[in-house]
Amino acid sequence: MSSTATARPTAERIPSIDVLRGFAVLGILIVNMQGFARISTAYVNPVSAGGFEGAEVWLWSFVYLFADTKFISIFSMLFGAGMAMMSDRMAARGASGTGLHYRRQFWLLLIGLVHAYLIWHGDILVAYALCGFLLYPLRNLGPRRLLCIGGFAVAFVVPLWGLFGMSIAYWPPEDLALAAAEWSPPQETLDAEIAAFRGPWAGQVQARAPIALTLQTTAFLGFFLWRAGGLMLVGMALYRLGVLAASRSPAFYRRMAVIGLAAGLPLAAAGVAYKLHHGFAFEWTMFQGTLFNYVGSVGVCLGYLALVMLAVQAGWLAGLQRRLAATGRMALTNYIAQSVICTLIFYGHGLGLFERVGAPARLGIVVGIWVLQLLWSPWWLARYRFGPLEWAWRSLSYMKRQPTAMR
């Protein structure tokens, strides 16, 4: 029997992972909203577009403290856990999952490239696919080794960025001026970007292409490879240790939540205070100022993970959990749908509200999309086996059209 015939989708699911994935994909939106609605530099330097006062300061502080880098970290761990889970299940059937894995990564890479260049430049799927290509050979390492290698990869960015930050004082004046101009662009550059994203789709593609390329090259090598890749290895370890299956004791998860949040939130709060104190000045906040939250977000995301596992164990908010699980089962569809909806709201081929929506209204849009996805995901899965993009991804990966209707 061919490996393709043997490698069929499984109906087995771990409910706690689905709930956690739904929680993460919804949480990502509150962070990405800044990238949909505002100029590209506003994500790292919210004062670059002006108007950073009142509600804008409060919303940025809230998102940075409780959401920025936290939900994407959970998503990264779940991506790694998914690689280990699929490998284990294929091995249990006596089939090699290697070909299937690399086909999955190839098609995810293509989906990510389409997303990044044709829909929204802030895509994460390309980075995930590239990490998936590189990390798969490590999937069978023991949990301790996975935790050590993953932890080292995540920690590697701390001295790297620290050295970059300390080196700024020695940069040639022309390099410093160029970096400062990219950090806080002149008004004519801002006006050109605003006009592009409020304009026709073709002009948007031209504006987003260099941003997407930067994220997929220098940002990938200097950040995503280490952060996302390291957390994927941590996710493999947590899956093998049963942490993601809500199978550890409640006391274990309570300790994990308390330690993670108690260690992480103060560091993230220090990052908020540090950036506000220095007015987001490039030389202070580009590298060193980011490290507070970079480190603290690891603790916060582990704290969130533990709280979700406790909720699953105790059956808290069972109705909401069912909707989160459905949202998580359709995470790829919902992630891309968020981009489609938001670009229709903010870009010129839709309502053209780019840089025209204040903080309270942006938050309202986030909540509205959350409600929509919590409603439509269980409705869809009551009728079909997979989300639309999940079905396409599976069909391409297994090289066979997958069934759609529920049995």
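Here the structure is a predicted model, which means the values were calculated and not measured.
Under a 3.5 Å cut-off, the side chain of Arg198 and the backbone N or O of Phe354 do form a donor-acceptor pair. Panel note: side chain Glu390, backbone Ala331; a donor-acceptor pair is recorded below 3.5 Å. Under the 3.5 Å distance criterion, the side-chain polar atoms of Gln402 are left unmatched by any main-chain donor or acceptor of Ala392. Judged by distance alone, with hydrogens and angles left aside, the side-chain atoms of Gln338 form no donor-acceptor pair with the main-chain N or O of Ile369 at under 3.5 Å. Side chain of Lys70 to main chain of Leu65: a donor-acceptor pair is present (N/O by atom type, distance under 3.5 Å, no hydrogens or angles). Put simply, the side chain of Asn293 gets close to the backbone of Asp68: a donor and an acceptor are under 3.5 Å apart. With hydrogens and angles ignored, the 3.5 Å screen pairs no side-chain donor or acceptor of Ser377 with any backbone N or O of Arg329. Put simply, the side chain of Asp123 gets close to the backbone of Val126: a donor and an acceptor are under 3.5 Å apart. Judged by distance alone, with hydrogens and angles left aside, the side-chain atoms of Gln321 form a donor-acceptor pair with the main-chain N or O of Ala311 at under 3.5 Å. Remark: the backbone N or O of Met286 is not paired with any side-chain donor or acceptor of Gln288 at under 3.5 angstrom.
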What donor-acceptor contacts under 3.5 angstrom involve side-chain atoms of residues 259-280, with partners at least two apart or in another chain?
{"unit_1": "Lys275", "atom_1": "NZ", "unit_2": "Tyr64", "atom_2": "OH", "d": "3.4"}

Per-pair distances, 0.1 Å, donor-acceptor, side chain in residues 225-233, under 3.5 Å, sequence neighbours excluded:
{"unit_1": "Trp226", "atom_1": "NE1", "unit_2": "Leu221", "atom_2": "O", "d": "2.8"}
{"unit_1": "Arg227", "atom_1": "NH1", "unit_2": "Tyr294", "atom_2": "O", "d": "2.7"}
{"unit_1": "Arg227", "atom_1": "NH2", "unit_2": "Ser73", "atom_2": "OG", "d": "2.8"}
{"unit_1": "Arg227", "atom_1": "NH2", "unit_2": "Ser297", "atom_2": "OG", "d": "2.6"}

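Annotation: salt bridge (charged side-chain N to carboxylate O under 4.0 Å, His left out) contacts of Glu355 (sequence neighbours excluded): Arg38. Partners of Ser395 under the side chain to side chain donor-acceptor pair (under 3.5 Å) rule, at least two apart in sequence or in another chain, do not exist in this structure. By the salt bridge (charged side-chain N to carboxylate O under 4.0 Å, His left out) test, Glu56 pairs with Arg362, sequence neighbours left out. The side-chain contact (heavy atoms from CB on, under 4.5 Å) search around Val114 returns Leu118, not counting sequence neighbours. Taking the ring-ring contact (aromatic ring centres under 6.0 Å, His included) definition, one finds that Trp370 meets it with nothing, sequence neighbours left out. Residues meeting the salt bridge (charged side-chain N to carboxylate O under 4.0 Å, His left out) test with Arg323, sequence neighbours left out: none.
Remark: of the listed residues Asn334, Thr333, Thr327, Asn334 is the sole one forming a side chain to side chain donor-acceptor pair (under 3.5 Å) with Trp376.
Minimum heavy-atom separation, Ala81 to Tyr239: CB-CB, 3.8 Å. Pairing each heavy atom of Pro159 with each of Ala155, the nearest pair is CD-O, 3.1 Å. Counting all heavy atoms, side chain and backbone alike, Leu332 lies closest to Trp393 at CD2-CE3, 3.8 Å. Shortest non-hydrogen contact noted between Leu215 and Gly122 is CD1-CA, 4.1 Å. Across all non-hydrogen atoms, the minimal contact from Ala116 to Gln216 is CB-NE2, 3.4 Å. Shortest non-hydrogen contact noted between Arg89 and Ile14 is NH2-CG1, 4.1 Å.
Within the 4.5 Å cutoff, no side-chain heavy atoms of Leu146 are placed close to those of Val234. Residues Ile119 and Thr343 form a side-chain contact, since some pair of their non-hydrogen atoms from C-beta on lies under 4.5 Å apart. A heavy-atom distance below 4.5 Å is found between the side chains of Leu374 and Leu320. Taking 4.5 Å as the limit, every side-chain heavy atom of Leu138 sits out of range of all side-chain heavy atoms of Met236. Residues Leu381 and Phe386 have side chains not in contact (no heavy-atom distance under 4.5 Å, counting atoms from C-beta outward). A heavy-atom distance below 4.5 Å is found between the side chains of Leu163 and Met166. Under the 4.5 Å side-chain criterion, counting only non-hydrogen atoms from C-beta, Pro388 is in contact with Trp380. Residues Phe346 and Ile365 form a side-chain contact, since some pair of their non-hydrogen atoms from C-beta on lies under 4.5 Å apart.
The line from CD1 of Ile168 to CG of Asp175 is 11.5 Å long, rounded to the nearest 0.5 Å. A distance of 9.5 Å separates CG of Leu135 from CD of Gln105, quoted to the nearest 0.5 Å. Between atom CG of residue Leu100 and atom CE of residue Met399 there is a gap of 9.0 Å, rounded to the nearest 0.5 Å. Atom-to-atom distance recorded for Phe75:CZ and Leu20:CG is 10.0 Å, nearest 0.5 angstrom. Between atom CZ of residue Arg356 and atom CD1 of residue Ile194 there is a gap of 9.0 Å, rounded to the nearest 0.5 Å. Distance check, rounded to the nearest 0.5 Å: CG of Leu305 to CG of Leu310 gives 10.0 Å.
Within 6.0 Å of atom CD in Gln206, 12 or fewer heavy atoms from other residues, nucleotides or ligands are found, so the atom counts as exposed in its surroundings. Within a 6.0 Å radius of OH in Tyr102, more than 12 heavy atoms belonging to other residues, nucleotides or ligands are found. Environment of CZ in Phe252: crowded, with over 12 heavy atoms of neighbouring residues, nucleotides or ligands closer than 6.0 Å. By the neighbour-count criterion of 12 heavy atoms within 6.0 Å, atom CH2 of Trp171 is densely surrounded, having more than that number from other residues, nucleotides or ligands.
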* Can you check side-chain contact (heavy atoms from CB on, under 4.5 Å) on Met77 and Leu244, steps first, answer last? -> CA-CA 10 Å; Met77 289 190 286; Leu244 297 177; 5.8 Å; no
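Annotation: side chain to side chain donor-acceptor pair (under 3.5 Å) contacts involving residues 74-87, sequence neighbours excluded, comprise Ser76-Tyr128, Ser87-Arg139. For residues 245-259, no pair satisfies side chain to side chain donor-acceptor pair (under 3.5 Å), with sequence neighbours left out. The side chain to side chain donor-acceptor pair (under 3.5 Å) contacts involving residues 182-196 comprise Ser40-Glu193, Asn45-Ser184, Gln187-Asp191, where partners must be two or more places apart or lie in separate chains. Contacts classified as ring-ring contact (aromatic ring centres under 6.0 Å, His included) and involving residues 307-340 (residues at least two apart or in different chains) are given here: His115-Tyr335.
Residues Phe71 and Tyr304 place their aromatic rings such that the two centres sit under 6.0 Å apart. Between Phe287 and Phe164, the gap from one ring centroid to the other is short of 6.0 Å. Here Phe66 and Phe62 bring their ring centres to under 6.0 angstrom of each other. Checked against the 6.0 Å centroid criterion, the rings of Phe197 and His121 qualify as a close aromatic pair.
When only modelled atom types and interatomic distance are considered, Trp120 and Asn32 share no side-chain donor-acceptor pair under 3.5 Å.
In this structure, Arg385 forms no cation-pi arrangement with Trp391, as its terminal cationic atom is not both closer than 6.0 Å to the ring centre and no more than 45° off the ring axis.
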